[in-house]
Amino acid sequence: MNILHDFKTVMRLTKAVRTARKAGADAVQVTPVFTVPRVNFAPAYYNTVEGCLTHRLGHDIDRAVMEVFKGLPYETQRQLEFTPEEPGGWAGRARFWQRQLKPALLPEDYHSVMALFIGWYAHCLRRKAGSAL
């Protein structure tokens with residue numbers, strides 16, 4: 001620790017104690033305060049359901065879909081990191097990806113990706129409904 005920093009801290013504490021005594025306090029309690037650093041990570045494609053799926057289709061398709069994700073606004077990227085909770089949320093998510101991916105991918109790649117996404121969305125809906133199939 002820097003001795004100058006310690007000296008400044010002692011001076012601030014002494015001033016606070018004297019101010020409290022002038023106000024009528026007969027005791028002063030010191031409470032340690034710890035600063036916890038906050039890390040704010042940017043949204044990441046691999047934090048999404050879709051990011052966990054597209055690697056199955058190969059490196060080129062995975063990168064192409066990731067580039068589409070990176071081109072989305074920050075708020076949209078952040079929303080895609082969470083699963084939809086509202087009714088019809090999975091269907092809306094499928095329509096969203098259809099609009100984003102159709103112009104960006106080759107037709108056969110687009111169909112492969114959308115079949116994979118919709119199959120997984122259906123799996124999630126069945127799981128939520130209680131059926132494991």
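FYI, side chains are in, hydrogens and waters are out, and symmetry mates aren't considered; it's all heavy atoms of this structure.
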**Request:** Test Asn47 against Phe41 for side chain to side chain contact (heavy atoms under 4.5 Å, CB included), laying out the working first.
**Result:** CA-CA 11 Å; Asn47 289 345; Phe41 293 104; over 6 Å; no

Could you give the distance from [atom1] ([X]) to [atom2] ([Y]), rounded to the nearest 0.5 Å?
X      : Y      : atom1 : atom2 : answer
Glu67  : Asp62  : CD    : CG    : 10.5 Å
Arg18  : Lys15  : CZ    : NZ    : 11.0 Å
Tyr46  : Leu53  : OH    : CG    : 11.5 Å
Trp120 : Arg56  : CH2   : CZ    : 6.0 Å
Arg21  : Thr19  : CZ    : OG1   : 11.5 Å
Lys128 : Arg126 : NZ    : CZ    : 15.0 Å

**Request:** Please step through salt bridge (charged side-chain N to carboxylate O under 4.0 Å, His left out) for the pair Arg78 and Glu75, ending with a clear verdict.
**Result:** CA-CA 5 Å; Arg78 183 62 75 195; Glu75 296 79 22; over 6 Å; no

**Message:** Run the side chain to side chain contact (heavy atoms under 4.5 Å, CB included) test on Thr9 and Met11 for me, step by step, so that the C-alpha distance in whole Å, both residues' side-chain angles and the decisive distance to 0.1 Å come before the verdict.
**Reply:** CA-CA 5 Å; Thr9 302; Met11 293 305 293; over 6 Å; no

Do the non-hydrogen side-chain atoms of [X] and [Y] ever get within less than 4.5 Å of each other?
X      : Y      : result
Tyr45  : Val68  : no
His55  : Met66  : no
Tyr110 : Gln98  : yes
Val65  : Leu105 : yes

Side-chain donor-acceptor contacts of residues 87-95 below 3.5 Å, not counting sequence neighbours, with atom names and distances?
unit_1, atom_1, unit_2, atom_2, d
Arg93, NE, Glu50, OE2, 2.7
Arg93, NH1, Phe82, O, 2.8
Arg93, NH2, Glu50, OE1, 2.9
Arg93, NH2, Glu50, OE2, 3.4
Arg93, NH2, Leu80, O, 2.6

**Request:** Report yes or no: do Leu106 and Ile61 belong to one cluster of Ile/Leu/Val/Met/Phe/Trp/Tyr joined by side chain heavy-atom distances under 4.5 Å?
**Result:**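 Different clusters.
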
**Request:** Report the relative orientation of the aromatic rings in Phe69 and Trp97; use parallel for angles under 30°, tilted for 30 to 60°, perpendicular for over 60°.
**Result:**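 Because their plane-to-plane angle is under 30°, the rings of Phe69 and Trp97 count as parallel.
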
**Request:** Give the C-alpha distance, both sets of side-chain angles, the deciding distance and a yes or no for side chain to side chain contact (heavy atoms under 4.5 Å, CB included) between Phe117 and Thr54.
**Result:** CA-CA 9 Å; Phe117 287 177; Thr54 56; 3.6 Å; yes

**Item:** Minimum heavy-atom distance Arg99-Pro103, with the two atoms named
**Value:**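 Reported closest heavy-atom pair: O-CD, 3.3 Å.
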
